[in-house]
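Have a look at the structure below, then the notes.
Chain A is the first sequence line, chain B the second, and so forth, proteins listed ahead of strands; every chain is numbered from 1.
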There are 2 protein chains.
Amino acid sequence: MKNNLKVERAIHNLTQADLAERIGVSRQSINAMEKNKYVPSTVLALKIAKLFNKSVEDIFFLDEND
Amino acid sequence: MKNNLKVERAIHNLTQADLAERIGVSRQSINAMEKNKYVPSTVLALKIAKLFNKSVEDIFFLDEND
DNA sequence: TTCAAATGTAAAACAAACTTTACATATAGA
DNA sequence: TCTATATGTAAAGTTTGTTTTACATTTGAA
């Protein structure tokens, strides 16, 4: 799975730490998500999408590995 | 988090085992999701939404615990 | 009522998410 | 250049997702 997190953060002018705080996870979790180190839970995806006023599908994408 | 899985399965006339096979997880995982025993990964949510031609938000909902 | 299919559930094991701490590197502004 | 802020990364530990096996219960159709 891939994602748009870095772009969305840029649009909203948020640091990784800002985003982490807003959705209630550690900064390292955000960093790892952006670097595709792991797949977040659906709760996190929903919270992030909500924060950015987009759908989950606008931010997270299935790829050939999925 | 809550979900609509049971309804969507009914609409598409799929058993838990059918759905499990379609998205590549065990039947117990589907059952546990429906019973809100755990939160699936974003990959699973995306796959399920895609299968049902809906958005993740149409099927999975944040609740007061999130 | 009987039988098969579907669902619920549970325990053990393993994999993956996520946290905490800690440090290194990059970047930009004073 | 110096410093503060942001990002990358790593190891160890905890929690949670997910599988496998196995069995009990429900449901519906013959």
Atom NZ of B/K37 and atom P of C/dA11: how far apart are they, to the nearest Å? 11 Å
Output the distance between atom CD1 (A/I48) and atom OG1 (B/T42), rounded to the nearest 0.5 Å. 8.0 Å
Rounded to the nearest 0.5 Å, the CG atom of B/D63 sits from the NZ atom of B/K2 at a distance of 5.5 Å
Contact summary for B/L5 and B/N3, nearest pair of heavy atoms: N-OD1, 2.9 Å
For B/N4, give me all partners under side chain to side chain donor-acceptor pair (under 3.5 Å), at least two apart in sequence or on another chain. none
Residues that B/S29 engages under side chain to side chain donor-acceptor pair (under 3.5 Å), provided they are two or more places apart: B/S26, B/Y38
Can you sort out which residues in residues 13-33 of chain A have a heavy atom within less than 4.0 Å of DNA chain D? Ascending by number, please. A/T15, A/Q16, A/R27, A/Q28, A/N31
When the distance from NZ of B/K6 to P of C/dT7 is rounded to whole Å, what number comes out? 8 Å
Which pair of non-hydrogen atoms, one from B/S55 and one from B/A49, has the smallest distance, and what is that distance? C-CB, 3.8 Å
Heavy-atom side-chain contact between B/N13 and B/D18 under 4.5 Å: no
Among pairs that include at least one residue of residues 6-34 of chain A, which meet ring-ring contact (aromatic ring centres under 6.0 Å, His included), considering only residues two or more places apart or in two chains? A/H12-A/F52
With a 4.0 Å heavy-atom cut-off, tell me which residues in residues 39-66 of chain A come close to DNA chain D, sorted by residue number. none
Students should find this one: the first and last nucleotides of DNA chain D, 5' to 3', lying under 4.0 Å from a heavy atom of chain B. What are they? D/dG17 to D/dA22
Mind checking side chain to side chain donor-acceptor pair (under 3.5 Å) for A/D66 and listing every partner two or more places apart, or none if nothing turns up? none
Keeping to residues at least two apart or across chains, list the salt bridge (charged side-chain N to carboxylate O under 4.0 Å, His left out) pairs with something in residues 30-59 of chain A. A/E8-A/K54, A/R9-A/E34
Spacing of B/K6 atom NZ and B/L14 atom CG [to the nearest 0.5 Å]: 14.5 Å
Within less than 4.0 Å of OP1 or OP2 of C/dA6, is there a side-chain N or O belonging to B/R9? no
Rounded to the nearest 0.5 Å, what's the gap from CG on B/N53 to CG on B/L51? Could you check? 8.0 Å
Who pairs with A/E21 by side chain to side chain donor-acceptor pair (under 3.5 Å), at least two apart in sequence or on another chain? none
Just how large is the angle between the end axes of the helix from C/dT1-D/dA30 to C/dA30-D/dT1, five pairs per end, to 10 degrees? 50°
Can you tell which of A/V39, A/L19, A/L44 makes a side chain to side chain contact (heavy atoms under 4.5 Å, CB included) with A/M33? A/L44
d(NZ, A/K35; C1', C/dT25) in whole Å: 12 Å
With the criterion being N/O to N/O and under 3.5 Å, what pairs connect the protein with nucleotides 27-29 of chain C, and how long is each?
none

